[in-house]
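Some notes on the structure that comes next.
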Amino acid sequence: MTTLQDLREQLDRLDRELVDIAARRQALSAQIARVKGETGQSTRDFRREREVLMHARTRAAELGLPPSVAERLLQTLIRSSLATQEQARVAAGGLGSGQRALVIGGRGKMGRWFVEFLASQGFDVTVADPAGPLTGFAHAPRWEELALDQDVIVIATPLGVTDGILAQIAARPPRGLVFDIGSLKTPLRTGLGALVQARCRVTSVHPMFGPDTDLLSGRHVIFVDLGDAQALQAARGLFAQTMAEQVVMTLDEHDRLIAYVLGLSHALNIAFFTALAQSGEDAPRLAQLSSTTFDAQLDVATRVAGESPALYYEIQRLNAYGAESLAALQSAVTQLCRIVSEGDEARFASLMTRGREYLAGRAARAAPA
């Protein structure tokens with residue numbers, strides 16, 4: 001008679017086989033990356049991905065497995081394969097071979113990301129951070145004591161001190177490419193302007209992703225054009241072998257749009273979890289009654305609540321255009337409250353229709369050709 005333990009042991013064996021197969025698939029992905037690199041093919045092939053997913057759904061249905069389970073499994077494996085191929089492509093490019101880079105603030109989360117990203121391209125990276133060294137990299141507690149003769153200098157410090165650092169660097173104009181990675185640019189206007197005046201090779205970069213990102217497909221990197229075409233091209237070149245979407249814009253356009261992309265979305269979620277926390281309702285009890293919409297919103301709000309309060313405050317407070325998006329949120333909530341209190345169903349429906357049309361337009365523009 002087959003016992004529960006026997007069945008669990010069979011599951012354990014299958015789980016090991018699944019991991020072994022996933023590892024073999026990953027190894028094949030690395031080989032595919034090399035072949036694509038040699039033949040000049042792009043890393044991502046959406047038609048091929050669709051074929052893989054459709055075949056998986058068909059096979060799952062034949063075996064009595066829900067097709068959605070097979071699709072989610074293959075999507076995870078595809079994402080892992082793409083990350084492997086992207087990393088291999090970046091490394092194979094060897095853009096930084098024989099060159100040196102300095103990351104000021106390299107012990108921070110995004111600082112570390114750039115340290116590893118530059119190192120993967122062959123740069124000899126030095127971390128300048130009073131918080132201490134990173135294993136495997138040269139370290140300087142104070143960047144001010146360095147010669148600033150690196151080929152690339154990245155400023156990955158908190159927004160509140162970045163402008164001053166930029167101005168200090170401008171007083172000792174380096175020969176290499178200089179850029180910050182701040183979430184806002186208007187607070188850095190003085191420092192960036194000083195670098196421009198000193199005729200430094202300067203631009204400004206905003207990676208629109210977090211430090212845990214391992215695949216740049218579908219992610220955006222914003223490059224702020226400060227008038228130096230060569231510096232802009234050099235910064236963009238660092239991401240040329242990735243699948244990141246590159247967007248170029250002016251300094252003021254960046255912060256005006258970021259006021260909505262980051263400022264509004266952050267404020268909305270902060271307002272959401274603040275309203276819940278002040279409601280007096282028991283969180284576990286609400287979770288028992290949750291809906292699809294509530295769960296989705298709660299997931300996003302939970303991630304926002306876990307972020308750095310100092311960083312999120314800076315994004316709200318230091319953006320020259322921040323008041324505009326907060327006023328828009330306040331106006332929308334006031335309008336909704338008035339419509340509901342007055343029992344105006346027609347105006348409520350109008351809000352829904354207008355929102356649906358706006359979002360439909362966004363979806364149409366984002367759809368692949």
* Does the pair R201/D151 count as a salt bridge with the N-to-O cut at 4.0 Å? -> no
* To do: Please report the shortest heavy-atom distance between T213 and W113, naming the atom on each side.
  => O-NE1, 3.1 Å
* Pair D228 + R199: basic N to acidic O under 4.0 Å -> no
* **Donor-acceptor pair, side chain of H139 and main chain of L134, under 3.5 angstrom** => no
* Counting distance only, does the side-chain N/O of K36 pair as donor-acceptor with the main-chain N or O of Q31 below 3.5 Å? -> no
* Asked: Under 3.5 Å, side chain of D255 to main-chain N/O of K185, donor-acceptor pair present?
  -> yes
* Could you please spell out the steps behind the side chain to side chain contact (heavy atoms under 4.5 Å, CB included) verdict for L159 and L188? => CA-CA 8 Å; L159 197 59; L188 309 180; 4.1 Å; yes
* Ion pair check, E62 and R59, cut-off under 4.0 Å -> yes
* **Side-chain (D214) to main-chain (A83) donor-acceptor, under 3.5 angstrom** => no
* Look only at the side chain of R107 and the backbone of P133, and say whether a donor-acceptor pair between them is shorter than 3.5 Å. => yes
* Asked: Hey, would you say the F179 and F223 ring centroids sit under 6.0 Å apart?
  -> no
* Does any non-hydrogen side-chain atom of L192 lie less than 4.5 Å from one of V196? -> no
* Can any side-chain N or O of S331 pair as donor or acceptor with the backbone N or O of A327 at less than 3.5 Å? -> no
* Measure from the side-chain N and O atoms of S350 to the backbone N and O of A346, and report whether any donor-acceptor pair falls under 3.5 Å. => no
* **side chain to side chain contact (heavy atoms under 4.5 Å, CB included), paired with L238, selected from V154, V90, L95** => L95
* Structure fact -> Closest non-hydrogen atoms of R13 and R16, given as atom of the first, atom of the second and distance, are CG-NH2, 3.1 Å
* Asked: Judged by atom type as modelled, is there a donor-acceptor pair below 3.5 Å linking the side chain of E86 to the main-chain atoms of L216?
  -> yes
* To do: Quick one: do L351 and Q335 satisfy side chain to side chain contact (heavy atoms under 4.5 Å, CB included)? Show the steps, please.
  => CA-CA 10 Å; L351 285 183; Q335 185 179 8; 3.8 Å; yes
* Asked: Sub-3.5 Å donor-acceptor pair from the side chain of E314 to the main-chain atoms of G160, do we have one?
  -> yes
* For Q26, does its backbone N or O pair with a side-chain atom of S81 as donor and acceptor, under 3.5 Å? -> no
